Participant: 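Before we start, here is the structure in question, set down as structure tokens.
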2 protein chains.
Amino acid sequence: MINLNIRHLYYFIILVESGSFSKAAAHIGIGQSTLSGAIQGLEATIGGPLLDRTGRELVLLPLGEAVLRRARDIMAQIGELPDLAARSARPLSSRLRLGLIPSIAPFLLPRMLKSLKRAFPELDLYVREGMTHTLLSEVRTGRLDVALIADINGAEDFDIAEIGRDPLLLVVPTDHPLAGRNAAGPEDIEGEQLLLLDKGHCLRQHVLTAVGADHVTEAAAVSAFTIPTLMHMVEAHIGITLIPEVAVRAGAASQSDVRTVRFDSPHAWRTLGLASRPRAARSADFDALAEHLRAEGLIGIGPQ
Amino acid sequence: MINLNIRHLYYFIILVESGSFSKAAAHIGIGQSTLSGAIQGLEATIGGPLLDRTGRELVLLPLGEAVLRRARDIMAQIGELPDLAARSARPLSSRLRLGLIPSIAPFLLPRMLKSLKRAFPELDLYVREGMTHTLLSEVRTGRLDVALIADINGAEDFDIAEIGRDPLLLVVPTDHPLAGRNAAGPEDIEGEQLLLLDKGHCLRQHVLTAVGADHVTEAAAVSAFTIPTLMHMVEAHIGITLIPEVAVRAGAASQSDVRTVRFDSPHAWRTLGLASRPRAARSADFDALAEHLRAEGLIGIGPQ
DNA sequence: GGGACCCTATCGGAAAAGCCGATCAGAGCA
DNA sequence: TGCTCTGATCGGCTTTTCCGATAGGGTCCC
């Protein structure tokens with residue numbers, strides 16, 4: 001194993017620039033004997049002489065010249081390390097791997113990316129879409145830094161920074177009796193065909209809870225993979241559904257044949273939060289991200 | 001001053017590749033506590049945390065990733081150093097700064113460069129032309145490695161590797177009485193106008209010695225800066241001169257209006273030698289160069 | 001939820017390296 | 001031939017590095 005101290009490479013550089021052991025030692029602030037020994041150690045680990053000391057002036061051997069070039073390169077790279085550290089110390093200034101659930105990602109990303117780019121130009125955001133349990137597993141193993149999820153009750157093992165509340169809105173066809181109403185409740189949609197996202201999506205459970213799981217048998221529900229598909233199914237009078245406000249805000253329900261109606265229920269909203277590993281070294285970064293999302297109001301309507 | 005051991009950078013690389021302190025320590029062959037301390041030291045000198053150790057798996061922080069990249073670069077550069085040393089150990093495999101005197105350089109260089117390139121492809125030859133005392137001064141101070149000179153008696157302070165003897169030939173106009181002769185001697189040119197190189201050129205003194213300084217007063221001699229100029233002056237019947245065989249061999253006297261004649265005199269030759277600093281670290285290189293010049297017979301007619 | 005297992009951090013003592021001042025040997029110069 | 005300057009060497013001291021043992025957490029399985 002090579003035993004080589006960066007400091008000794010620096011000594012060598014100064015030695016060449018000074019042209020003399022004693023001057024270099026004085027310049028560095030060490031004894032001449034120390035420098036002599038350090039250079040000999042350098043030559044021993046490299047495996048050849050660097051300097052010709054026989055003459056009145058030190059003469060750099062070809063090997064010494066090659067080593068000098070590399071030593072300068074190395075010192076430059078070493079010198080950058082504290083700068084890297086300083087840069088990393090600034091909030092949201094480096095790579096951050098963010099996971100989002102499918103009922104948020106497509107609606108939030110366009111605005112969020114723009115907003116983050118403006119506020120944190122150094123941020124190198126890496127985004128992945130996945131269901132809650134997948135994202136949390138990746139956060140746990142370190143493949144993701146944070147996950148923006150909507151089921152903060154199932155994430156007790158994680159640090160949760162709440163972002164806000166995302167209400168669920170009822171979506172009905174334009175010609176539906178409820179289409180003109182200001183608000184509706186669970187009792188208004190009894191017997192209706194309820195359209196849900198596939199199993200695994202947390203929104204599915206939230207919707208079932210919002211309408212009251214008793215009122216709709218799961219067997220009677222029809223599933224879709226994405227919210228836009230749900231919208232098209234509502235348009236086609238296959239049934240009705242509830243979608244989160246973030247999707248509505250992004251235009252998910254803006255076709256002319258559907259209407260959104262406020263849904264009054266004790267559970268007609270979901271709480272959004274950023275989940276990260278507890279005691280993670282970068283918690284300051286995560287807090288900054290949560291604070292930014294809250295302040296910008298990109299998602300949710302303020303903390304519960 | 002940054003106190004950082006290359007070894008610890010290597011530790012960090014292995015640590016990241018192993019994914020665990022204990023595995024990395026076992027792989028390197030050090031104690032786990034040692035590795036822990038080394039990484040903490042690294043983080044202290046760099047100025048920020050490199051890893052998040054809170055979870056089950058080590059997670060590389062952005063700073064750690066940047067440092068890892070640089071560490072790998074640095075290790076690669078360090079690893080090349082012994083290779084550089086090994087290459088430098090081969091003879092004539094690196095830069096060599098050679099000085100030549102004006103009465104040799106223009107005639108020898110074309111053939112010598114080709115020959116050296118063939119024999120030592122790694123050689124990076126840097127050539128300078130200068131008068132003997134200039135070259136020797138530069139050898140002494142280390143700005144040149146060796147000088148090919150013709151006045152080895154004036155260089156007692158240097159290591160001299162003799163290359164061979166360079167005879168001096170008489171040059172006369174074609175219609176000169178001596179032009180048809182096989183040989184001539186000092187007595188044959190008494191009273192002739194002798195053409196010499198300028199003061200400072202060692203050839204000037206060699207010629208004066210060869211003809212016997214008594215036979216020609218310096219005042220009667222006419223000077224030129226280069227041997228081709230001398231040739232033109234002989235052509236123009238301004239006088240006669242002696243030039244070294246190396247110049248003749250390179251075609252310096254091949255115009256139709258001059259003839260060369262062997263000059264018989266105890267001093268009608270000069271000894272060529274490579275001068276280098278005594279006890280120089282690269283003496284093996286210089287010996288190899290001298291041996292090559294002798295073996296190739298590019299200059300001189302064998303050792304005296 | 002309790003216990004086993006694995007992980008990293010910490011501590012005291014031993015080994016090694018780094019450093020210093022003093023001294024020695026050699027080269028260059030007068 | 002001395003004198004001066006320079007780098008190498010040596011003994012002793014300080015600092016760093018390393019190790020084994022141990023402590024403190026986190027994770028996972030029962």
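All values below were derived from every heavy atom in this structure, side-chain atoms included, with hydrogens, water molecules and symmetry-related copies excluded. Every value quoted in this text rests on a predicted model; they were computed, and no experiment measured them. In what follows, chains are A, B, ... by sequence order, proteins preceding strands, each numbered from 1.
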Participant: As an exercise, state the distance from CG of Leu109(B) to CG of Leu98(B), rounded to the nearest 0.5 Å.
Facilitator: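 Taking CG in Leu109(B) and CG in Leu98(B), the distance rounds to 7.5 Å.
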
Participant: Does Thr54(A) or Gln32(A) map to a spot on DNA chain C nearer the 5' end, using the closest nucleotide for each?
Facilitator: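 Residue closer to the 5' terminus by nearest nucleotide: Gln32(A).
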
Participant: Mind calculating the distance between CG (Leu58(A)) and P (dG26(C)) to the nearest angstrom?
Facilitator: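 Those two atoms, CG and P, are 18 Å apart.
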
Participant: Who passes ring-ring contact (aromatic ring centres under 6.0 Å, His included) against Phe120(B), sequence neighbours left out?
Facilitator: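 Once residues adjacent in sequence are excluded, the partners of Phe120(B) under the ring-ring contact (aromatic ring centres under 6.0 Å, His included) criterion are His292(B).
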
Participant: Under 4.0 Å, heavy atoms only, any strand: does Gln40(B) hit a base, just the sugar-phosphate, or nothing?
Facilitator: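 Sugar-phosphate contact only.
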
Participant: Rounded to the nearest Å, what distance is computed from the CG atom of residue Asp52(A) to the P atom of nucleotide dA27(C)?
Facilitator: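 For the pair Asp52(A) CG and dA27(C) P, the rounded distance is 12 Å.
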
Participant: So if I take every side-chain heavy atom of Ser33(A) and compare against dT8(C), dA22(C), dC11(C), which nucleotide ends up nearest?
Facilitator: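 Ranking dT8(C), dA22(C), dC11(C) by closest atom to the Ser33(A) side chain puts dA22(C) first.
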
Participant: Do we see a donor-acceptor contact under 3.5 Å between the side chains of Arg270(A) and Ser103(A)?
Facilitator: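 Ser103(A) and Arg270(A) do have a side-chain donor-acceptor pair below 3.5 Å.
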
Participant: Thinking salt bridges, do Glu43(A) and Arg53(A) make one under a 4.0 Å N-O criterion?
Facilitator: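 Salt bridge flag = yes for Arg53(A) with Glu43(A).
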
Participant: Below 4.0 Å from chain A heavy atoms, what is the first contacting nucleotide of DNA chain D and what is the last?
Facilitator: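 Going 5' to 3' along DNA chain D, contacts run dG7(D) to dG26(D).
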
Participant: Mind checking Gly29(A) for me? I need base, sugar-phosphate or nothing, with any heavy atom below 4.0 Å counting as a touch.
Facilitator: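 Since only primed, P, OP1 and OP2 atoms lie under 4.0 Å of Gly29(A), the category is sugar-phosphate.
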
Participant: Quick check on dG18(C): is either OP1 or OP2 less than 4.0 Å from any side-chain nitrogen or oxygen of Thr34(A)?
Facilitator: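 Thr34(A) to dG18(C) OP1/OP2: no side-chain N or O under 4.0 Å.
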
Participant: Between dC19(C), dC20(C), dA9(C), which one does the side chain of Tyr11(A) approach most closely?
Facilitator: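 Per side-chain heavy atoms of Tyr11(A), the pick is dC19(C).
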
Participant: Out of the candidates Tyr10(B), Phe12(B), Tyr11(B), only one should pair with His8(B) under the ring pair (Phe, Tyr, Trp, His ring centres under 6.0 Å) rule; please name it.
Facilitator: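 Single pass found, and it is Tyr11(B).
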
Participant: May I ask you to say whether Asp145(A) pairs ionically with Arg277(A), meaning some side-chain N is under 4.0 Å from a carboxylate O?
Facilitator: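 Salt bridge: no.
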
Participant: Can a donor-acceptor pair be found between the side chains of Gln40(B) and Ser36(B) at a distance below 3.5 Å?
Facilitator: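 Short answer, yes.
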
Participant: Within the 4.0 Å heavy-atom criterion, would you say Leu35(B) contacts the bases, only the backbone, or no part of the nucleic acid?
Facilitator: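 The residue Leu35(B) makes no contact with any strand.
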
Participant: Whole Å only: how far is the CZ atom of Arg140(B) from the P atom of dA27(C)?
Facilitator: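 Taking atom P of dA27(C) as the reference, CZ of Arg140(B) is at 13 Å.
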
Participant: Using whole Å, report how far CZ of Arg277(B) lies from P of dA27(C).
Facilitator: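 So the CZ-P distance, Arg277(B) to dA27(C), works out to 11 Å.
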
Participant: Take the protein atom CG of Leu4(A) and the nucleotide atom P of dA17(C), then report the distance between them rounded to whole Å.
Facilitator: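 After rounding, the gap between these two atoms is 13 Å.
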
Participant: Could you check how far CZ of Arg53(A) sits from C1' of dG28(C), rounded to whole Å?
Facilitator: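 Atom-to-atom, Arg53(A) to dG28(C), this comes out as 19 Å.
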
